[in-house]
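Report on one structure; see the data block that follows.
Letters A, B, ... mirror the listed sequences (proteins, then strands); counts begin at 1. Please read all numbers here as calculations on a predicted model, not as lab measurements. These numbers come from the heavy atoms of this one structure, side chains and all, not from hydrogens, waters or symmetry mates.
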There are 2 protein chains.
Amino acid sequence: MSAPVILLVEDEPSQRAVLSYNLKAEGFDVVEAVDGEEALLLASEAQPDLCLLDWMLPHVSGLEVCRRLKSGKQTRELPIIMLSARSEELDKVRGLETGADDYMVKPYSVAELIARVRKELRRTRPAALGEELVYEDILLDAASHRVSRAGHNIKLGPTEFRLLACFLEAQGRVLSREQLLDRVWGRDIYVDTRTVDVHIGRLRKALMQHGGGDPLRTVRGAGYALG
Amino acid sequence: MSAPVILLVEDEPSQRAVLSYNLKAEGFDVVEAVDGEEALLLASEAQPDLCLLDWMLPHVSGLEVCRRLKSGKQTRELPIIMLSARSEELDKVRGLETGADDYMVKPYSVAELIARVRKELRRTRPAALGEELVYEDILLDAASHRVSRAGHNIKLGPTEFRLLACFLEAQGRVLSREQLLDRVWGRDIYVDTRTVDVHIGRLRKALMQHGGGDPLRTVRGAGYALG
DNA sequence: TGGTTTTGTGACAGAAACATAACAGTTTTA
DNA sequence: TAAAACTGTTATGTTTCTGTCACAAAACCA
C-alpha cells in the first residue's frame, strides 16, 4: 500500500524543509508548494491525502486557498490543517469557518503536528497508518500485515492484500477497475484492466478457503464492492 | 521522579526555540546555553542528564566544549549528542573521537532526535523504561546486552543484536528494509538494501541454533516481522 | 430464444522477491 | 600481532507471484 501523500504549502524555505523532512521521516510522501497557485494546482494533480496549509502566503492567502479547495468538487474531501503564526482566537475561528479541519499555532510541537495529521488520516486512509480494518468476520491488520477470516489465518500475496485493504477502506462503495488499478497498482503503471478480474478471483478464493460466502460483490458494468 | 534535564547548546535563536519547544513537549526540562562558556558553566551548575551540543558555536567550538566536558571530573559521565549541519563534519566529529555519545546531522527528524535522547537516557536513568524485551521464549536484556531463547544463551553480533531489538520493540509490526536500515545502520549510512536479508538470515540461524521454529516472518514485498 | 457483452477461471511463462553460501576486507579480541 | 569475529557484497539457486491469454460461464438484451 502506498504511503499517504501530504501536500505541504509553506512559502518560507527553512520551515518547509523542516516539516518536509520530519514528515518523510514518519513515512509520508510529501509534495511541496510555495504559494497558493501551486497549491491549488497540485491539490488536484498529485492527489494528496491531506494538506498542511500555511496561513500567510504570497499572492493568494492561505485562507483563500482553503476556501477554494473546500468549494472545489475534486478537493472538497481533502482534509486541511491550517498553520498560523498568530494565536488570536479570531484567526482560529475564521480558519475553521472556512472549512479547515484543524488548526495549529506556530511554534508547534512536531510530535503534536504528526499526531494531528494521523488523526485526520485515520478517517480516510486507515490501512496506510497500520490500523485494523474489519468487515464482518474478515480482519486485516495493516501493521503486522495479517489477514484472517473467522479466526483462520489467511495468506495473501502482496497484490491481493492491497486489493482487500482498498475494499475495506472504501467501506462498501463500488470501486471500478480503473480505480483499483490506480490504488493498488499505482497511477502510471500500465496493466490490462482484465487483470483486476484475475486478482479478484484469487482474493475470493483465498477468502473462501475455509468456508464462508463470497464477501465480494460483482457490479456488472461498474466494478466490484465489498459486502 | 523529576523530569530529565537537557542542556541545549545552540547559538541560533530559531533553532534553539524549535528544539526547546519540542523537547519540552516531550516532557523534558530544558536548560539553554548560547555559547561554549555558558554551556560549560551550566553543565556543572544545572546538573543536566544529557547535553545536545551544536557543532558551530561562537568563541569556543562545540568540539572544544565536548572535549572539556569529557575531561572534567564532574561532567565526564554526561551523555553528549552532537548536532552538525553537514555530513562532512560528521566524519570529522567521528574521526576526532571527541567522546560524544551520539551524532546527528541537520536537518534531522525531531522524532529521531527524541528517540536518540531517550536511548542515551535509558543508559543513565534506567528507571525510566523497562529494560527487558520479551517475545515468547526469546529474551533480550538491553542492560547486560544478552539474548537467550528457551533458556539457552545466544551469542549475537552487534548488528543482529540491534536487529532483534528493533523487532522486539516493534511488537509484531512489519518493518521494511528501509526502516531497518534507518534504525539499525543509521540514517545516513549507505548500505545495499539486500544486506538486510543477509543479516536476517544470520539472525534466524542464531535464534534457531538450539531448535525451535523460525520466529521471523518474511512479508513478501513489505519486509520482515517478528511473530 | 439466440446473440452479444461481460465476467470467471485454469494454465503458463516470465519476472520478481527472497534465501543462502562464499568471499574479501575490516575490526575486535586475546 | 595473530587469530577470531564481524560486515557488506555478490552470485546462484529457489520460491512465489504476476499478468496475459483462451475459453467457459453468466448476465443482459431484443
Side-chain angles (χ1 to χ4, degrees), chain A residues 1 145 147 153-167 174-209 213-226, chain B residues 91 94-95 97 145-147 153-167 174-209 213-226:
Chain A
M1 195 147 4
H145 248 259
V147 175
N153 228 53
I154 288 179
K155 189 172 156 296
L156 293 180
T159 307
E160 281 76 51
F161 184 88
R162 287 195 298 263
L163 206 46
L164 178 58
C166 270
F167 284 117
V174 175
L175 296 171
S176 70
R177 290 175 173 71
E178 286 73 20
Q179 284 175 311
L180 289 169
L181 282 176
D182 266 15
R183 301 191 193 185
V184 173
W185 278 262
R187 282 241 271 168
D188 30 44
I189 306 285
Y190 172 72
V191 280
D192 193 292
T193 155
R194 290 302 314 282
T195 299
V196 175
D197 298 30
V198 177
H199 282 278
I200 289 282
R202 286 169 182 162
L203 179 55
R204 277 182 168 140
K205 197 164 154 188
L207 288 174
M208 295 195 287
Q209 67 187 307
D214 184 354
L216 293 176
R217 190 159 45 96
T218 301
V219 183
R220 195 181 166 85
Y224 299 92
L226 184 62
Chain B
D91 295 336
R94 276 200 184 126
E97 286 175 6
H145 235 254
R146 284 217 162 134
V147 175
N153 225 52
I154 287 179
K155 190 173 157 301
L156 292 180
T159 307
E160 280 76 51
F161 183 87
R162 269 174 286 162
L163 205 46
L164 179 58
C166 272
F167 284 117
V174 173
L175 298 172
S176 70
R177 283 164 230 277
E178 287 74 19
Q179 284 175 314
L180 289 169
L181 281 176
D182 266 15
R183 300 189 193 187
V184 173
W185 278 262
R187 178 161 285 266
D188 33 48
I189 307 286
Y190 173 71
V191 181
D192 192 288
T193 153
R194 293 266 120 234
T195 299
V196 175
D197 299 28
V198 177
H199 283 278
I200 289 282
R202 287 168 182 162
L203 178 55
R204 275 183 169 140
K205 199 164 153 187
L207 289 174
M208 294 195 288
Q209 66 187 308
D214 184 354
L216 293 176
R217 186 161 48 100
T218 302
V219 182
R220 179 169 265 253
Y224 299 92
L226 183 62

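If you take CZ of B:Arg162 and C1' of D:dC6, they are 11 Å apart, rounded to a whole angstrom. Going from atom OH of B:Tyr190 over to atom C1' of D:dT9 covers 10 Å, rounded to whole Å. B:Ile154 has its CD1 atom 17 Å from the P atom of D:dA5, to the nearest Å. At whole-Å resolution of the value, CG in A:Leu181 and C1' in D:dG19 are 11 Å apart. Regarding B:Leu163, its CG atom lies at a distance of 14 Å from the C1' atom of D:dG8, rounded to whole Å. For A:Leu203 and D:dC17, the CG to P distance is 14 Å, given to the nearest whole Å. Rounded to a whole Å, the CG atom of A:Leu156 is 10 Å from the P atom of D:dC17. Taking atom NZ of B:Lys205 as the reference point, atom C1' of D:dC6 lies 13 Å away to the nearest angstrom.
The side chain of A:Thr195 lies closest to D:dG19 when the candidates are D:dT7, D:dG8, D:dG19.
Within the nucleic acid shown, A:Val196 has no heavy atom closer than 4.0 Å to any nucleic acid atom. Within 4.0 Å of A:Arg194, counting heavy atoms only, lies at least one base atom of the nucleic acid.
A:Val147 is not listed as a side-chain neighbour of A:Glu160, based on a closest heavy-atom distance of 4.5 Å or more. Between B:Arg194 and B:Arg177 there is a side-chain heavy-atom pair separated by less than 4.5 Å.
Close approach of DNA chain C to chain A, defined as any atom under 4.0 Å from a non-hydrogen atom of the protein, starts and stops at C:dT5 to C:dA11.
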Completion exercise
Expected string for nucleotides 24-30 of chain D under the B/S/- scheme (protein heavy atoms, under 4.0 Å, primed atoms plus P, OP1, OP2 as sugar-phosphate) is ---BS--
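Interatomic distance, A:Leu203 CG to A:Asp214 CG, rounded to the nearest 0.5 Å: 9.0 Å. Of the inter-residue distances, the one linking A:Thr195 atom OG1 with A:Ile200 atom CD1 reads 12.0 Å to the nearest 0.5 angstrom. If you take CG on B:Leu156 and CG on B:Leu207, they are separated by 6.5 Å, rounding to the nearest 0.5 Å. Remark: A:Tyr190 OH to A:Leu181 CG distance equals 10.0 Å, nearest 0.5 Å.
In this structure A:Asp182 satisfies the salt bridge (Lys or Arg N to Asp or Glu O under 4.0 Å) test with no other residue, sequence neighbours excluded.
Ring orientation note: the planes of A:His145 and A:Phe161 are close to parallel, at an angle under 30° on the 30°/60° scale.
A donor-acceptor pair is defined here as one N or O able to donate and one able to accept, closer than 3.5 Å; such a pair exists between the side chain of A:Arg162 and the backbone of A:Val184.
If A:Val198 and B:Tyr224 are placed on DNA chain C by their nearest nucleotide, the residue sitting closer to the 5' end is A:Val198. Mapping B:Arg202 and A:Lys155 onto DNA chain D by nearest heavy atom places B:Arg202 closer to the 5' end of the strand. Mapping B:Thr159 and A:Ile189 onto DNA chain D by nearest heavy atom places B:Thr159 at the nucleotide closer to the 5' end.
The side chain of A:Trp185 contributes an N or O atom lying less than 4.0 Å from OP1 or OP2 of D:dG19.
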Handout entry: A:Thr218/A:Arg204 under side chain to side chain contact (heavy atoms under 4.5 Å, CB included): CA gap, chis, key distance, verdict
Key = CA-CA 11 Å; A:Thr218 301; A:Arg204 277 182 168 140; 2.7 Å; yes
